[in-house]
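In the text below, chain A, chain B and the rest are named by the order of the sequence lines, each starting its count at 1. Both backbone and side-chain heavy atoms feed into the values below; hydrogens, waters and symmetry mates do not.
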There are 2 protein chains.
Amino acid sequence: MKKNDQYHHGHLREELLRLGLESIETAGTEGISLRSLADKAGVSKAAPYRHFSDKEAYLGALADEGFRLLCIDLERADVAGTERIASMGAAYMEFAVARPSLYRLMNSPLLCRLPDGSTPWARKSLLMLAEALRKVRSDPGTEPSLDVDAAVAAWAYIHGLVLIRIDGLFPRDLPAPDWARLAAAAPSLGA
Amino acid sequence: MKKNDQYHHGHLREELLRLGLESIETAGTEGISLRSLADKAGVSKAAPYRHFSDKEAYLGALADEGFRLLCIDLERADVAGTERIASMGAAYMEFAVARPSLYRLMNSPLLCRLPDGSTPWARKSLLMLAEALRKVRSDPGTEPSLDVDAAVAAWAYIHGLVLIRIDGLFPRDLPAPDWARLAAAAPSLGA
DNA sequence: TACGTATGTTGGCAACGACAACATGCTTTA
DNA sequence: TAAAGCATGTTGTCGTTGCCAACATACGTA
């Protein structure tokens with residue numbers, strides 16, 4: 001345990017990411033400011049700039065932190081057998097529903113503006129989905145190679161489904177869709 | 001034609017929306033400020049607040065303006081026959097690719113925070129998609145009723161596909177998917 | 001021990017959203 | 001027609017934010 005008010009925080013970078021994950025869902029992505037985070041960390045307003053070149057770099061790091069958490073959930077859901085995709089699809093949707101603002105940040109155009117290699121977990125999570133899809137398809141024993149278009153189709157479906165749900169795009173006055181059933185329908189895609 | 005520097009602009013609301021549509025793709029959604037728009041319209045910084053209660057109300061109006069444009073494109077693509085959905089799917093993707101920032105705004109969580117009935121064109125465009133889907137399915141002559149889950153499935157697929165494309169989420173170093181073919185695959189959904 | 005570097009602080013600037021108080025000009029009606 | 005009322009635009013201001021420069025502090029290392 002460190003003394004309370006020392007000049008150097010010690011783990012400010014990790015603390016800022018932790019605080020970001022904590023407040024993004026309550027305050028929304030727009031409600032996150034480096035100044036307010038610095039306040040919460042008990043540190044001056046300019047301190048975050050010692051760890052992140054600008055706000056976009058911080059949000060990029062926060063997004064990748066989100067992908068790290070997603071990878072953990074996907075790993076846990078990666079059961080063997082035919083229900084592999086359904087299980088991962090459900091885990092994927094549960095993650096997004098539990099952390100809607102973070103999920104949006106993770107899939108925002110911000111990511112592709114970041115320097116290559118700055119979001120390793122984002123790449124990892126995509127490869128996990130693609131690999132699971134590949135395994136399911138090669139289970140019958142035909143082609144073990146990855147069909148890019150099929151993977152994108154499945155990804156697009158679950159991604160769109162999740163966004164329509166968490167963004168509240170579906171009209172409130174119409175009968176609500178069966179989200180779980182729709183999420184489980186992902187494997188029937190890309191024939 | 002009106003005199004140039006008169007006290008009252010006359011069509012400020014429409015002008016602000018027009019300027020917004022014009023600059024959103026070049027400056028990005030984050031780059032839009034009511035102040036800069038007021039400048040471009042040759043009007044003082046507080047003038048926009050006479051027409052929109054706050055920035056969110058303006059962005060909501062801008063989004064609905066986008067849906068109006070989308071409705072026009074969808075209407076044009078609503079050809080009769082079996083390729084109805086493929087045609088509308090292509091039009092949908094072309095719209096989003098041509099106006100990525102606007103498309104993102106139109107499908108942002110902002111919409112569901114707006115008062116009911118403030119985005120009539122958003123509703124219209126969704127109903128157009130659902131109606132087209134219904135027609136295709138009843139073409140064989142079985143059930144004319146709308147299957148909500150099937151409509152959401154098709155919507156989610158094309159929505160996710162478009163977002164993955166315009167947000168640049170697909171890794172640049174992997175072989176690019178065939179977007180057009182994927183978009184045309186929408187009708188095979190939700191069996 | 002002294003120096004260099006990483007980390008944190010203070011002060012300040014410009015842009016922005018939003019509000020209040022005021023100015024202007026159209027519209028309606030007495 | 002004239003005055004009242006309202007819609008619309010202006011000026012001034014405040015608080016917040018991103019970001020930079022100059023400075024302070026502490027840690028590691030030669």
query = Out of curiosity, does A/Ile85 fall in the hydrophobic cluster containing A/Leu127 (side-chain heavy atoms, cut-off under 4.5 Å, transitive links)?
reply = no

How long is the line joining [atom1] of [X] and [atom2] of [N], in whole Å?
X       : N      : atom1 : atom2 : answer
B/Glu30 : C/dG17 : CD    : P     : 11 Å
B/Arg13 : D/dG9  : CZ    : C1'   : 17 Å
A/Phe52 : C/dA6  : CZ    : P     : 17 Å
A/Tyr49 : D/dA22 : OH    : P     : 18 Å
A/Glu56 : D/dT17 : CD    : P     : 19 Å
A/Asp39 : D/dT17 : CG    : P     : 8 Å
A/His11 : C/dA6  : NE2   : C1'   : 15 Å
A/Arg50 : D/dA26 : CZ    : P     : 16 Å

request  = Of all the heavy-atom pairs spanning B/Leu182 and A/Ala153, show the shortest one and how long it is.
outcome  = CD2-CB, 4.0 Å

Polar atom pairs (N or O), protein with nucleotides 13-16 of chain C, under 3.5 Å:
from	atom 1	to	atom 2	distance (Å)
C/dC16	OP1	B/Ser33	OG	3.4

message = Please check if the number of heavy atoms outside A/Glu25 that lie under 6.0 Å from its CD is greater than 12.
response =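 Yes - once you tally the heavy atoms of other residues, nucleotides and ligands closer than 6.0 Å, there are more than 12.
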
key: Whether over 12 other heavy atoms sit under 6.0 Å from A/Glu83 CD   = no

ask   = Among the nucleotides C/dA18, C/dT7, C/dA20, which one has an atom lying closest to any side-chain atom of B/Asp54?
value =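 The closest nucleotide is C/dA18.
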
inquiry  = Suppose we screen for salt bridge (charged side-chain N to carboxylate O under 4.0 Å, His left out). Which residues come up paired with B/Glu22, at least two apart in sequence or across chains?
reply    =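 Residues passing salt bridge (charged side-chain N to carboxylate O under 4.0 Å, His left out) with B/Glu22: B/Arg18.
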
query = Within the structure, does a side-chain N or O atom of A/His51 lie under 4.0 Å from either OP1 or OP2 of C/dG8?
reply = yes

inquiry  = Let me spell it out: for each of B/Gly42 and A/Ala46, pick the nucleotide of DNA chain D with the closest heavy atom. Which residue's pick is nearer the 5' end?
reply    =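 Taking each residue's closest nucleotide, the earlier one in sequence belongs to B/Gly42.
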
key: Partner of B/Tyr92 by ring-ring contact (aromatic ring centres under 6.0 Å, His included), out of B/Tyr103, B/Tyr157, B/Trp179   =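 Between B/Tyr92 and the candidates, ring-ring contact (aromatic ring centres under 6.0 Å, His included) is satisfied uniquely by B/Tyr103.
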
message = Any carboxylate oxygen within less than 4.0 angstrom of a Lys/Arg side-chain nitrogen, looking at A/Asp173 and B/Arg123?
response = yes

